[in-house]
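What follows is a short report on a single structure.
These figures come from a predicted structure and were not determined experimentally.
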Amino acid sequence: MGQPFKTDLETIRTRAREKMSDGAVTGAYKADLQQVIAVLNEVLATEIVCILRYKNHYYMATGINAPTVAAEFLEHANEEQMHADWIAQRITQLGGVPNLDPKGLATRAHAEYVEGESLSDMIREDLVAERIAIETYSEIIRWLKDNDPTTRRIMEDILKMEEEHADDLASLLEMVEGAPD
């Protein structure tokens, strides 16, 4: 069965006491901390832009399918808010500061804020944004590797939900394309 697990507990205990002010960041943390915080702030901006876009779409949805689609927009907005909270919390755990400054929010985000004129346009814009998030978040997960397993797991959980959002939106788009906006 391979080598038995061994670790130098005395050294780990000594380091834990000496570096208590570092919080969750220990000697086991292998990623570039400042770069991870910067990337997480981009993810935070992306999630905030998505919240705002979904909220706009929720309030502006019209047409025969508006109640069903608007309910989905609101659900997605609430889930994006949860993602933003997870990311902001992780940034603070890593000793960083979540960048919630509205100045530059759109330039920090991976996705764009596009309102859309019809219900179909709104769904398309949200689907494009979800697909951007899926691709960039997948890249972040690969970039993190095993250097920051906690952040990677958070990003994997968010990615799973973004994929569900994209699937939901693709289904909604099929539904509304046959109906008037």
Min side-chain heavy-atom separation E164-E130 under 4.5 Å: no
Tell me if the CD atom of E135 is crowded by more than 12 foreign heavy atoms within 6.0 Å. no
Considering only NZ, NE, NH1 and NH2 on the basic side and carboxylate oxygens on the acidic side, decide whether R124 and D121 come within less than 4.0 Å. yes
Under 6.0 Å from the CE atom of M60, do we count more than 12 heavy atoms belonging to anything else shown? no
Going through the distances and angles, do I48 and L100 end up as a side-chain contact (heavy atoms from CB on, under 4.5 Å)? CA-CA 9 Å; I48 293 169; L100 298 170; 3.6 Å; yes
Can you give me the closest heavy-atom contact between D148 and A31, atom names plus distance? CB-CB, 4.2 Å
Does a side-chain heavy-atom distance below 4.5 Å link W143 with Q35? yes
Please check if V69 and Y59 belong to a single hydrophobic cluster, counting links between Ile, Leu, Val, Met, Phe, Trp and Tyr side chain heavy atoms closer than 4.5 Å. yes
If you measure from CD1 on I123 to CD on E177, what distance do you get to the nearest 0.5 Å? 8.5 Å
Decide whether H57 and D126 meet the rule of one side-chain donor and one side-chain acceptor closer than 3.5 Å. yes
Kindly give the heavy-atom pair with the smallest separation between A61 and L119, and that separation in Å. CB-CD1, 3.7 Å
Quick one: list whatever passes side chain to side chain contact (heavy atoms under 4.5 Å, CB included) with E112, sequence neighbours left out. V114
Should T151 and L94 count as side-chain neighbours, where that means a heavy-atom distance under 4.5 Å? yes
K145 and R142 have their tightest heavy-atom pair at CG-O, 3.0 Å
Before you tell me yes or no, could you show the steps for L105 and L52 under side-chain contact (heavy atoms from CB on, under 4.5 Å), namely the whole-Å CA-CA distance, both residues' side-chain angles and the distance that decides it to 0.1 Å? CA-CA 11 Å; L105 185 64; L52 295 172; 4.3 Å; yes
Rounded to the nearest 0.5 Å, how far does CG of L159 lie from CD1 of I154? 13.5 Å
With a 4.5 Å heavy-atom cut-off, do Y113 and N56 have their side chains touching? yes
With rounding to the nearest 0.5 Å, note down the distance linking CG in L40 to CG in L144. 7.5 Å
Apply the test side-chain contact (heavy atoms from CB on, under 4.5 Å) to residues E42 and T136: give CA-CA distance (whole Å), side-chain angles for both, the deciding distance (0.1 Å), then the verdict. CA-CA 10 Å; E42 290 177 11; T136 59; over 6 Å; no
Please work out which of the three classes, parallel, tilted or perpendicular, describes the rings of Y54 and F73, given edges at 30° and 60°. tilted
A quick test of your reading: do over 12 heavy atoms of other residues, nucleotides or ligands sit less than 6.0 Å from CZ of R131? no
Once you round to the nearest 0.5 Å, how far does CD of E80 lie from NZ of K55? 12.5 Å
Could you tell me the separation between the CD1 atom of I134 and the NZ atom of K160, rounded to the nearest 0.5 Å? 13.5 Å
Below 4.0 angstrom, N of the basic side chain to O of the carboxylate: do E156 and R152 qualify? yes
Contact check, side chains of M161 and M82, non-hydrogen atoms, under 4.5 Å: yes
How far apart are the closest heavy atoms of T46 and H110, and which atoms are they? OG1-N, 2.8 Å
Kindly give the heavy-atom pair with the smallest separation between S120 and V176, and that separation in Å. OG-CG2, 3.6 Å
Are side-chain heavy atoms of M175 and T68 found at a separation under 4.5 Å? yes
For H83 and E162, test the side chains for any donor-to-acceptor distance below 3.5 angstrom and give the result as yes or no. yes
Value for CG (L127) from CG (D168), rounded to nearest 0.5 Å, stands at 10.5 Å
With distance as the sole test, does R90 use its side chain to make a donor-acceptor pair with the main-chain N or O of I37 at under 3.5 Å? no
Could you check if a side-chain atom of E47 sits within less than 4.5 angstrom of a side-chain atom of I158, using non-hydrogen atoms only? yes
So which atom in A77 and which in I51 form the shortest heavy-atom distance, rounded to 0.1 Å? O-CG1, 3.9 Å
Do Q89 and D85 get their side chains close enough for a donor-acceptor pair, meaning under 3.5 Å? no
Under the side-chain contact (heavy atoms from CB on, under 4.5 Å) rule, what do N78 and E75 come out as? Steps first, then yes or no, please. CA-CA 5 Å; N78 292 336; E75 180 181 325; 5.8 Å; no
Taking C-beta and beyond as the side chain, do N41 and L44 meet within less than 4.5 Å on heavy atoms? yes
Can you list the other members of the hydrophobic cluster that holds I132, where links are side-chain heavy atoms under 4.5 angstrom apart? V128
Other residues, nucleotides, ligands: >12 heavy atoms within 6.0 Å of Y58 OH: no
